[in-house]
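All remarks here apply to the structure that follows.
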Amino acid sequence: MFGEDALEKLVVETIVANGWEYIEAESLPRQHSDVMVESFVRDALIRLNPEIAEDPSRADIVIYKLRTLILSVQPHDIVAQNERFKKLIFEENSFPFGKDGRMIPIRFFGTGTKENLNLNRYTVTNQWVFPKEEGGRRLDVVLLINGFPVAIGEMKTPTRNAITWLDAAGDISSYEKSIPEMFVTNVFNFATEGKCYRYGTIKMPINIWGPWHTTHNKSEGTLADIQRSIADMFKPETVMDIFQFFTLFATDKRYRKYKIICRYQQFEGANLIVERVKAGYPKKGLIWHFQGSGKSLLMVFAAQKLRMTPELKNPTVVIVDDRIDLETQITATFNASDIPNLQSASSKEELVTFFKGDMRKILITTVFKFGEVDSELNARDNIIVMVDEAHRTQEGNLGEKMRQALPNAFFFGLTGTPINRTDKNTFFTFGAVEDRSGYMSRYTFSDSIRDKATLPLHFETVPVDLHVNQELIDAEFDEMTQGLTKDEKSELSKRIKIEAIMKSPERIHKVCKHIANHYKTKIEPNGFKGQVVCYDRECCLLYKKELDTLLGEEATTIVMDTNNDKEGKYKDFRRDRDVEAKLLDYFREKNSDLKLVIVTSKLLTGFDAPVLQAMYLDKPMKDHTLLQAICRTNRFYGDLKTHGLIVDYIGIFDNVARALDFDEKTVQRVITNITEVKTKLPGLMSKCLSYFNGVDRTVEGWEGLMVAQDALPTNNERDAFGADYQVLNRAWEALAPDLFLLPYKFDYLWLTKVYESVKPVDNRGGLIWAALGTKTMELVHQNITVVAIRDDMDILKLKPDLIDDFFKHNKDAKRQTKKLEIDLIARIRKYSTDPRFVTLGERLEALRERHEQGLITSIEFLKMLLELAKDAVEAEKETVPEKEIDKGKAALTELFNSVKNNATPIIVERIVADIDSIVKIVRFDGWQNTHAGKQEVTKALRSIVWIKYKIKDKEVFDKAYHYIEMYY
């Protein structure tokens, strides 16, 4: 059996083979409370800095500053302290060690050349204890450079299917809270269970940790794959490269700091650009990385490294966008990433001034500004141009204009969609003959899905009467234009042919009714949002008017270009950039009232809103434009979003090959018909039910659960069932509600109850034993039968010395034990957030595993189970179940006191008591995650606040709802 210790040993040996020195943790010259190995830090400072070598006491001044930085960290500011450490190392690294106390920069690490990198001391150790031997945390693997812990790794046993890298990553996440000091000098962390390798950085949600693959081998699932990933990522030069150039600190819209680390394809693509520039040839290259996989960040990383590479002699980096204005995803990514020396040129004059002034910065501009330039702007050869959506530069002669303006520059084209061979101009401008495939780097749709960088896409067809019937349009048009010449017909056709049906009031009414119903029943219950794509600007107005009657005015808005609007038809939706940006941020908020954004051309490229799941497509498109548009829905957003969905009102996807006509035929697999999920569902259902052959599914309560659980006697069988159920659950969530599911409802509910009953009580195995989807939770809630947890069972009164006799003389002993176990699980789940019950859950899982492995007898199992059950009963007596609700009442009291005045002389205690009592009646466990639960609570709150007490202040209502959601 290949256990956790053997896996840890394999990981360490693989790292050592890369040139890292192994030292046992207990042999390192440090106290358990030390984060740094200070003697290693001191030696490095002396080795790398002549000024410190001549007076080694100066190293102590530096170490004192480092120690203060580390020890002052708190769990909530770990990212800020990590950023301060990096700045201290690479930017704010001046100390008064020069002649006459002059400030001079010092080096903490050797960087850049191989010779410099060899000056560092690379150490790997295992079973590192911090901050004390007894009761401290024990970290599986720690990597240090010059005495600084730069990476922490956790391993899990690869012998149980449910236990994965996610559990190991979860351990690291908990360490960030309990021992934040260990993460101040951290570059990244990693986790594996022997099948998959994943890495991430501090405070990064563990479900978005990524794999590390090599260029030519992207397989995973074996120990050999783990070794390959670790061997490639843990080359000393790679870790230092990631540390210096491929981690960033950004600020979100709420001014919160977060840390970004590259994915492997960004690391590869950016370094290919840098190496090509350093070599001086070829002076161009084309990168295809699929839509949504992080192309903007690749450019940020490349720009950062190019600017900081000394041999490039302070280069200029130009980021060229394909949009008319600069309010794009790329600009937002650069601005959020706190990159220094960033400038924009939004006019020809600014562009000319920048290059004529020979500025050495990062410039962001649009491709169209080069179209206005007729002469050379700068002939320097250390100008690097990176062009987003490179195929767009071939509109007119824009590519030629860029070459003319910057004749000796490097030109790199990036695209999220593949380039067809017929597009010779794009390959001429950016493609290097040295790149045989045409691309210097490619990251395809299948790569993106495999790595979970993006989600798969489904399309859904609509009733045929909503489709645009092109043959009928042609026939009606011919009849209408009898007597006109061929040329007159052709001109008229361009203007009115398609509009005749797209703007038909009857069709608009039908389409909008379908959109509203689809959104309310299929998308909104999971908390996601939608985008309606209309034929033109006038259609946007018509759809908005119709949808307002179906969903309410606040549920939708239009985002469009309002230029060339002499009649003022679109003035209600004319916004400046700041107002539009705030509106789109509001749309991105999961709980905001804005549910659908209506567009015609804006937001179809460069718009990033992970909460967006559904696109209601009612505009003819194809190829690049279509692919870019539908990929707005493919961003990850929590565990419940499993796919992006395109509802096709045009019939575009009746022929996917024609709609997405690329040389790269794999692109046609980007989107699949959701009916394919339907065809798979019966098989998925049968597979799950096959675990319970002979089990009577009509038996309810304890009896039914016990028989079902007996059919899954071991962890291996439970994990296999759990994995199969998860696939079924995702399919159900994708299809519901649908009449097709009705015949499967009874069995699905039964399987769901079994799944929940055998889920590990200690929350392990998150990849298999995940939370149920919202639609499934609602289904369970609608059909729930509450069985009370009992503590009056005779078995609970058994004394330990009577248990042997109980087993000998009681034929029902096994059944009674199972009943006790089920009851204990229910009790632990009831208080799942209470630390005492979390510990009880961990004890129970450990006990069950020992029993299953034959390490204890059934009698010993019952004895220990009884101890646990009695501890649970005692813990329950000590809980204060209304504690959180008391906080809620306090928050509501403060809120309504703040609005109390002579005009609204409300009795605060009474309104709070009324809200408290009615919410307790309508709420249920997990109501916050279901559409029905939110509706019930909102309705109850409205009946008190708006109707009974006549308080019509929406802000007060929203705050009250927020407190209820938080505390009830």
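Note that the coordinates shown come from a computational prediction; the quantities given were computed from them, not determined experimentally. Hydrogens, waters and symmetry mates play no part in the numbers below; they use all other heavy atoms, side chains included.
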If only atom types and distance count, is the side chain of [X] paired as donor or acceptor with the main-chain N or O of [Y] below 3.5 Å?
{"X": "E24", "Y": "T125", "answer": "no"}
{"X": "E13", "Y": "L10", "answer": "no"}
{"X": "N93", "Y": "L88", "answer": "no"}
{"X": "Q304", "Y": "F245", "answer": "yes"}
{"X": "N382", "Y": "K313", "answer": "yes"}
{"X": "E193", "Y": "C196", "answer": "yes"}
{"X": "Q266", "Y": "G294", "answer": "yes"}
{"X": "T192", "Y": "G194", "answer": "yes"}
{"X": "N120", "Y": "G110", "answer": "yes"}
{"X": "S448", "Y": "T444", "answer": "no"}

For [X], give me all partners under side chain to side chain donor-acceptor pair (under 3.5 Å), at least two apart in sequence or on another chain.
{"X": "T214", "result": "none"}
{"X": "E83", "result": "K257"}
{"X": "Y258", "result": "none"}
{"X": "E434", "result": "Y281"}

Quiz item: side-chain contact (heavy atoms from CB on, under 4.5 Å) between N82 and F249: does it pass, once the steps are laid out?
Solution: CA-CA 9 Å; N82 189 254; F249 296 88; 3.2 Å; yes
Any idea which heavy atoms bring [X] and [Y] closest together, and the distance?
{"X": "S337", "Y": "A250", "value": "CA-CB, 4.1 Å"}
{"X": "H213", "Y": "P211", "value": "NE2-CB, 3.7 Å"}
{"X": "A231", "Y": "K235", "value": "O-CG, 3.5 Å"}
{"X": "I78", "Y": "I202", "value": "O-CD1, 3.8 Å"}
{"X": "P315", "Y": "I384", "value": "CB-CD1, 3.7 Å"}
{"X": "T454", "Y": "I449", "value": "O-CD1, 3.6 Å"}

Any salt bridge linking [X] with [Y]? Criterion: basic side-chain nitrogen under 4.0 Å from a carboxylate oxygen.
{"X": "D241", "Y": "K305", "result": "yes"}
{"X": "D252", "Y": "R256", "result": "yes"}
{"X": "D388", "Y": "K295", "result": "yes"}

Output field: ring centroids [X]/[Y] closer than 6.0 Å:
{"X": "F148", "Y": "F40", "answer": "no"}
{"X": "Y443", "Y": "F290", "answer": "no"}
{"X": "F108", "Y": "F90", "answer": "no"}

Flag the pair [X] / [Y] as yes when at least one side-chain heavy-atom distance between them is below 4.5 Å, and no otherwise.
{"X": "H289", "Y": "S441", "result": "yes"}
{"X": "V62", "Y": "F95", "result": "yes"}
{"X": "E26", "Y": "H32", "result": "yes"}
{"X": "S33", "Y": "K132", "result": "no"}
{"X": "N634", "Y": "V670", "result": "no"}
{"X": "V142", "Y": "N126", "result": "no"}
{"X": "I15", "Y": "I230", "result": "yes"}

Self-check item: Stepwise side-chain contact (heavy atoms from CB on, under 4.5 Å) test for T201 and N189
Solution: CA-CA 6 Å; T201 192; N189 302 302; 5.9 Å; no
Quiz item: Of the options F243, F188, W209, F246, which is the one that meets I261 in a side chain to side chain contact (heavy atoms under 4.5 Å, CB included)?
Solution: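 Answer after filtering F243, F188, W209, F246: F188.
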Exercise. Scan for side-chain hydrogen bond (donor to acceptor under 3.5 Å, both in side chains) pairs involving residues 162-174, sequence neighbours excluded, and state none if there are none.
Key: K156-D171
Exercise. Please list all pairs passing the side-chain hydrogen bond (donor to acceptor under 3.5 Å, both in side chains) test where one or both residues lie in residues 175-185, with sequence neighbours left out.
Key: R137-S178
Could I get the full list of salt bridge (charged side-chain N to carboxylate O under 4.0 Å, His left out) partners for [X], not counting sequence neighbours?
{"X": "R30", "value": "none"}
{"X": "E38", "value": "R67"}
{"X": "D34", "value": "none"}
{"X": "R121", "value": "E21"}

Atom pair [atom1] ([X]) and [atom2] ([Y]), whose distance is rounded to the nearest 0.5 Å:
{"X": "F234", "Y": "T14", "atom1": "CZ", "atom2": "OG1", "value": "10.5 Å"}
{"X": "N146", "Y": "R107", "atom1": "CG", "atom2": "CZ", "value": "10.5 Å"}
{"X": "S229", "Y": "F190", "atom1": "OG", "atom2": "CZ", "value": "11.5 Å"}
{"X": "N18", "Y": "T238", "atom1": "CG", "atom2": "OG1", "value": "8.0 Å"}

Quiz item: Hey, is CD on E54 packed in by over 12 heavy atoms from elsewhere, all under 6.0 Å?
Solution: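 Counting other residues, nucleotides and ligands, CD of E54 exceeds 12 neighbours.
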Quiz item: Do other residues, nucleotides or ligands put more than 12 heavy atoms under 6.0 Å from the CG atom of N341?
Solution: yes
Quiz item: Stepwise, does the salt bridge (charged side-chain N to carboxylate O under 4.0 Å, His left out) test hold for D451 with R263?
Solution: CA-CA 10 Å; D451 295 343; R263 285 183 176 267; over 6 Å; no
Practice problem: Just do the side-chain contact (heavy atoms from CB on, under 4.5 Å) check on V150 and L144 with the steps written out, would you? | Solution: CA-CA 5 Å; V150 295; L144 305 101; 6.0 Å; no
Quiz item: What pairs of residues pass the salt bridge (charged side-chain N to carboxylate O under 4.0 Å, His left out) test when at least one of them lies in residues 198-219, not counting sequence neighbours?
Solution: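 For residues 198-219: R198-E220.
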Quiz item: How would you list all residue pairs meeting salt bridge (charged side-chain N to carboxylate O under 4.0 Å, His left out) that involve residues 275-285, not counting sequence neighbours?
Solution: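 Applying salt bridge (charged side-chain N to carboxylate O under 4.0 Å, His left out) to every pair that reaches into residues 275-285, excluding sequence neighbours, yields E275-K278, R276-D435, K278-E311.
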Any side-chain donor near an acceptor of the partner, [X] and [Y], under 3.5 Å:
{"X": "S219", "Y": "D225", "answer": "yes"}
{"X": "R380", "Y": "T316", "answer": "yes"}
{"X": "Q81", "Y": "Q74", "answer": "no"}

